[in-house]
Novice: 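Here's a structure for you.
Heavy-atom basis, side chains included; hydrogens, waters and symmetry copies ignored. Sequential numbering from 1 along the given sequence is applied to the chain's residues.
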Amino acid sequence: MVLVAGALFSYQFLRAKKITIKKSKQPLIYNNLVNITLDDSDQIYGNPGAPMTAIEFVDLSCSECLKIHSAIKKYAHDHPQSVRLVWKDAPKFNFLFKKNELAHRAAYCAGKQGKFWEYLDAIIANKKMDPSSLNQIANQVGIEFNSWTTCLDSDETVQKLAASVALAQSIGADSLPALFINNRRINTDDGINIEELLKEFSEK
């Protein structure tokens, strides 16, 4: 009995060793369409009537988000008739990331003066988001300071960012980077080549 039990155990053990578990690979482009609401206060880079729309949810403290953002913005600059880039704020709202949230508000208020992309580029290049640095950038890009500082703590600004974060959460885009092209979620975990991906979409 002992010998039989031992033989059976050995057989099952050897079979188990042959079993391999493969991670399920997520698709590069998800099939389901996601309805993402746009409004007049959203910042758009490129041709507003372009056939391709890239919507990004960005946290300014997320280096991978900024890497993807820069690649899309460059493509939109080089192919102005093909794609429009829509910026959506997704800052972390907690004590540790208070400065980061302020930078998002600062960029939004710069946009109220038509200087959003210029101000945003300066934040990314400067890599500093403390109040003093944000003020220096405002001066650097020619922001009218009084109206800008008033805007920073206005109900409109606070509500705009909160609504953007809530939207990201409602569509499952609270895990960043979060990129959607023509309302389809893009899997950014695979080290995608943004330029090749956008070319593929533009050829469809």
Novice: If we only count heavy atoms from C-beta on, is the Phe57 to Asp174 side-chain gap below 4.5 Å?
Specialist: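 Not in contact.
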
Novice: Could you tell me which non-hydrogen atom of Thr157 sits nearest to which non-hydrogen atom of Arg105, and how far apart they are?
Specialist: CG2-CG, 3.6 Å

Novice: With a 3.5 Å cut-off and no angle check, do the side chains of Asn100 and Asp59 form a donor-acceptor pair?
Specialist: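 Present: a donor and an acceptor within the cut-off.
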
Novice: Would you say Val141 and Leu152 are hydrophobically clustered, going by side-chain heavy atoms of ILVMFWY under 4.5 Å?
Specialist: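 Yes, Val141 connects to Leu152 through the hydrophobic network.
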
Novice: Considering all heavy atoms of both residues, which atom of Cys65 and which atom of Pro177 are nearest to each other, and what is their separation?
Specialist: SG-CA, 3.7 Å

Novice: Determine the minimum heavy-atom distance between Val58 and Leu176, stating which atoms define it.
Specialist: C-CD1, 4.4 Å

Novice: For the residue pair Ile123 and Ala103, what are the closest heavy atoms and their distance?
Specialist: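 Here Ile123 and Ala103 meet closest at CD1-O, 3.9 Å.
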
Novice: How many angstroms lie between OG in Ser133 and CD in Gln140, if you round to the nearest 0.5 Å?
Specialist: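 Between Ser133 OG and Gln140 CD, I get 10.5 Å after rounding to 0.5 Å.
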
Novice: Between Arg185 and Tyr30 (side chain of the first, backbone of the second, donor and acceptor by atom type, cut-off under 3.5 Å), is there such a pair?
Specialist: no

Novice: Measure up the Tyr75 and His79 rings against each other and bin them: parallel (under 30°), tilted (30 to 60°), perpendicular (over 60°).
Specialist: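 It falls in the parallel class, under 30°.
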
Novice: So if you build clusters from Ile, Leu, Val, Met, Phe, Trp, Tyr with side-chain heavy-atom gaps below 4.5 Å, do Ile36 and Leu197 land together?
Specialist: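 No.
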
Novice: In the structure I gave you, are the side-chain heavy atoms of Glu101 and Asp89 within less than 4.5 Å of one another anywhere?
Specialist: no

Novice: Does Phe201 reach the side chain of Ile186, with side-chain heavy atoms less than 4.5 Å apart?
Specialist: yes

Novice: Would a single hydrophobic cluster contain both Leu167 and Ile44, if residues Ile, Leu, Val, Met, Phe, Trp and Tyr are joined by side-chain heavy-atom contacts under 4.5 Å?
Specialist: yes

Novice: Mark yes or no for whether Tyr119, through its side chain, and Leu134, through its backbone, hold a donor-acceptor pair below 3.5 Å.
Specialist: yes

Novice: Output, in order, the C-alpha distance, side-chain angles, deciding distance and verdict of side chain to side chain donor-acceptor pair (under 3.5 Å) for Ser132 and Asn135.
Specialist: CA-CA 5 Å; Ser132 177; Asn135 290 346; over 6 Å; no

Novice: Between the side chain of Glu156 and the main-chain N/O of Cys151, is any donor-acceptor distance below 3.5 Å?
Specialist: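 Looks like no, no N/O pair under 3.5 Å.
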
Novice: Could you walk me through whether Lys115 and Ile143 pass the side-chain contact (heavy atoms from CB on, under 4.5 Å) test, one step at a time?
Specialist: CA-CA 8 Å; Lys115 293 182 179 290; Ile143 296 291; 3.7 Å; yes

Novice: Report the distance from atom OG1 of Thr150 to atom NZ of Lys112, rounding to the nearest 0.5 Å.
Specialist: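 Going from the OG1 atom of Thr150 to the NZ atom of Lys112 covers 12.5 Å.
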
Novice: Within this structure, what is the NE2-CG distance for the pair His104 and Leu120, rounded to the nearest 0.5 Å?
Specialist: 9.0 Å

Novice: Is it the case that the side chain of Asp42 and the backbone of Asp39 share a donor-acceptor pair, with hydrogens and angles ignored and the cut-off at 3.5 Å?
Specialist: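 Looks like yes, one N/O pair under 3.5 Å.
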
Novice: Run the side-chain contact (heavy atoms from CB on, under 4.5 Å) check on Val158 and Asp153 step by step: do they pass?
Specialist: CA-CA 7 Å; Val158 172; Asp153 295 315; 5.9 Å; no

Novice: Counting N and O atoms only, with roles assigned by atom type, does the side chain of Asn182 sit under 3.5 Å from a partner on the main chain of Thr53, one being a donor and the other an acceptor?
Specialist: yes

Novice: Kindly compute the distance separating CD1 (Ile72) from CG (Leu85), expressed to the nearest 0.5 Å.
Specialist: 5.5 Å

Novice: Please name the pair of heavy atoms, one in Ala107 and one in Phe116, separated by the smallest distance, quoted to 0.1 Å.
Specialist: O-CD1, 3.1 Å

Novice: Does the Thr149 side chain pair with the main chain of Asn146, one donor and one acceptor, at a distance under 3.5 Å?
Specialist: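 Confirmed, Thr149 side chain pairs with Asn146 backbone.
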
Novice: Would you mind reporting whether Leu179 and Asn187 have side-chain heavy atoms less than 4.5 Å apart?
Specialist: no

Novice: Looking at NZ of Lys199 and OG of Ser82, how far apart are the two atoms once the value is rounded to the nearest 0.5 Å?
Specialist: 11.0 Å

Novice: With Lys73 as the cation and Tyr45 as the aromatic partner, state whether NZ or CZ is under 6.0 Å from the six-membered ring centre and within 45° of the axis.
Specialist: yes

Novice: Between Leu60, Leu102, Val165, which is the residue that forms a side chain to side chain contact (heavy atoms under 4.5 Å, CB included) with Pro91?
Specialist: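 The option that passes is Val165.
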
Novice: Measure the spacing between CG of Asn183 and CG of Leu33 and express it to the nearest 0.5 Å.
Specialist: 6.5 Å

Novice: Please step through side-chain contact (heavy atoms from CB on, under 4.5 Å) for the pair Glu144 and Gln113, ending with a clear verdict.
Specialist: CA-CA 8 Å; Glu144 198 290 303; Gln113 298 185 32; 3.4 Å; yes

Novice: Does any N or O in the side chain of Trp148 come within less than 3.5 Å of the main-chain N or O of Ala138, such that one atom is a donor and the other an acceptor?
Specialist: no

Novice: With clusters defined by side-chain heavy atoms of hydrophobic residues (ILVMFWY) lying less than 4.5 Å apart, directly or transitively, does Met52 cluster with Val86?
Specialist: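 Shared cluster, no.
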
Novice: Before giving the answer on side-chain contact (heavy atoms from CB on, under 4.5 Å), spell out for Ile55 and Lys88 the whole-Å C-alpha distance, their side-chain angles and the decisive distance to 0.1 Å.
Specialist: CA-CA 7 Å; Ile55 301 175; Lys88 291 283 190 181; 3.8 Å; yes

Novice: Checking Ser164 side chain against Leu161 main chain: does a donor-acceptor pair fall under 3.5 Å?
Specialist: no

Novice: Are Val34 and Leu38 linked, directly or through other ILVMFWY residues, by side chains that come within less than 4.5 angstrom of each other?
Specialist: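 Yes, same cluster.
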
Novice: For the residue pair His69 and Trp87, categorise the inter-ring angle as parallel (less than 30°), tilted (30 to 60°) or perpendicular (more than 60°).
Specialist: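 Judged by the thresholds at 30° and 60°, the geometry between His69 and Trp87 is perpendicular.
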
